[in-house]
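Each ligand, and each atom within it, is numbered from 1 in the order the structure gives.
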Amino acid sequence: MDDLTLRDFVAALEELYPPDTAQSWDRVGLVSGDLDQPVRRIHLAVDPTLAVIEEARAEAADLLITHHPLLLRGVHSVATTSAKGASVTSLVVGDVALYVAHTNADVASPGVSDALAAAAGLDGTEPLVMEEGRPLGRVGELAAPVTLRRFAELLARALPSAPGGLRVAGDPDAEVRRVAVLGGAGDDQFDAVRGCGADVFVTADLRHHPASEAREEARGGTPYLIDAGHWATEWLWLASARDELLRTLADRGDTVEFHISSLCTDPWDFVVDARTAPEPGGRPES
Ligand SMILES: [Zn+2]
């Protein structure tokens, strides 16, 4: 049987995550590579960082699939003097094709938020909101109500471990059942979260003002908030993308090997809890 080529993978990826379903500002699709090159090893990661590209090369991957774009803004050089340039150069020198499925994977079904909804233990989900005419985020119910603390603990177990952990706003002993999820940055969707009657909203990148105002609107009640980390909430999609590719390529899929990156590309490396920091504590010097 002939080897699968990059052309086959691009066709399969475009069927799963049509590029025209990406948001208008996004840059998705093939970034590097030759459509005729054979593809036997596929590496999947959230971010196309230099370390991930190195990891893909060490795995002898022919194709790297990432969620986040490498080149979202215009560049006039791909020299190794910048990190972006070094990344492109490394991909080309290492003969690794790069393919990006970003906001088109967010609105796909199954897509990024389905993977997060499954990890959160939700049944019978529906879209949280329509964005540019496409369903974004999911809302569904837990099989049985649990306390907010218990739900957060179970979610933490289902997510890959990241240094930032999970930040939770709300009464830890309050019961939650209806859950809204949105992988990645979600603090522009509080109206939809309130509108769907969610007890808790799982997302990431919650900034002070939107989160604080949402808590004020809730008067201490629902929806509670969980910031579960951008990388962690999107990482779950990688296994879904692998499974969907295998299904789409059907009988030809046995010629390929998939590897999901083991690198945590969350930019934070450690957290110091101000309440448990060793002496001398007190006020910061001003
Ligand atoms: Zn993201």
Side-chain angles (χ1 to χ4, degrees), residues 13 16-19 21-31 43-53 55-56 64-73 83-84 87 98-120 125 127-132 134-138 155-156 158-167 180-190 192-193 201-207 210-211 225-242 244 260-269:
L13 284 159
L16 294 168
Y17 312 110
T21 62
Q23 290 193 18
S24 44
W25 50 265
D26 205 2
R27 294 288 176 270
V28 300
L30 192 61
V31 179
H43 199 71
L44 297 112
V46 174
D47 297 286
T49 62
L50 280 162
V52 163
I53 294 167
E55 186 190 36
L64 169 61
I65 299 171
T66 65
H67 182 49
H68 289 145
L70 174 63
L71 304 171
L72 194 56
R73 294 173 194 89
K84 297 282 184 198
S87 302
L98 174 64
Y99 190 93
V100 171
H102 188 210
T103 51
N104 47 336
D106 289 334
V107 297
S109 189
V112 174
S113 287
D114 294 299
L116 181 56
T125 61
L128 170 63
V129 67
M130 298 302 280
E131 192 90 341
E132 294 189 8
R134 310 273 171 196
L136 186 66
R138 297 290 184 266
L155 181 65
L159 290 170
S161 165
L166 277 66
R167 296 185 297 170
V181 300
L182 178 55
D187 66 15
D188 55 346
Q189 299 297 348
F190 287 127
V193 171
F201 180 34
V202 178
T203 187
D205 289 359
L206 294 181
R207 294 165 294 173
L225 305 178
I226 298 184
D227 187 325
H230 196 128
W231 170 79
T233 55
E234 296 186 331
W235 181 88
L236 299 161
W237 167 74
L238 302 177
S240 158
R242 174 199 58 201
E244 289 304 304
I260 291 176
S261 174
S262 56
L263 297 173
C264 171
T265 53
D266 189 296
W268 305 112
D269 291 315

> Is there an N/O/S atom in His102 at a distance below 2.8 Å from the Zn ion (ligand 1)?
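Within the cut-off used here (under 2.8 Å), His102 places no N, O or S atom near the Zn ion (ligand 1).
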> How close do Thr233 and Thr203 get, heavy atom to heavy atom, and via which atoms?
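Shortest heavy-atom contact: CG2-O, 4.2 Å.
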> Check each of Thr265, Leu44, Val46 against Val52 using the side chain to side chain contact (heavy atoms under 4.5 Å, CB included) test, and report the only one that passes.
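One option only clears the test, and that one is Thr265.
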> Which of parallel (below 30°), tilted (30 to 60°) and perpendicular (above 60°) describes His67 and His102?
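The arrangement is perpendicular - the two ring planes meet at more than 60°.
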> Side chains of Leu70 and Lys84: closer than 4.5 Å at any heavy-atom pair?
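When only atoms from C-beta onward are counted, Lys84 and Leu70 do touch, with a gap below 4.5 Å.
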> Do you see an N/O/S atom of His230, backbone or side chain, under 2.8 Å from the Zn ion (ligand 1)?
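Short answer: yes, at least one N, O or S atom is under the cut-off.
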> Can you tell me if an N/O/S atom from Glu234 lies under 2.8 Å from the Zn ion (ligand 1)?
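True for Glu234.
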> With carbon and hydrogen excluded and only N/O/S kept, which atom of His68 is nearest the Zn ion (ligand 1)?
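The His68 atom nearest to the Zn ion (ligand 1), restricting to N, O or S, is NE2.
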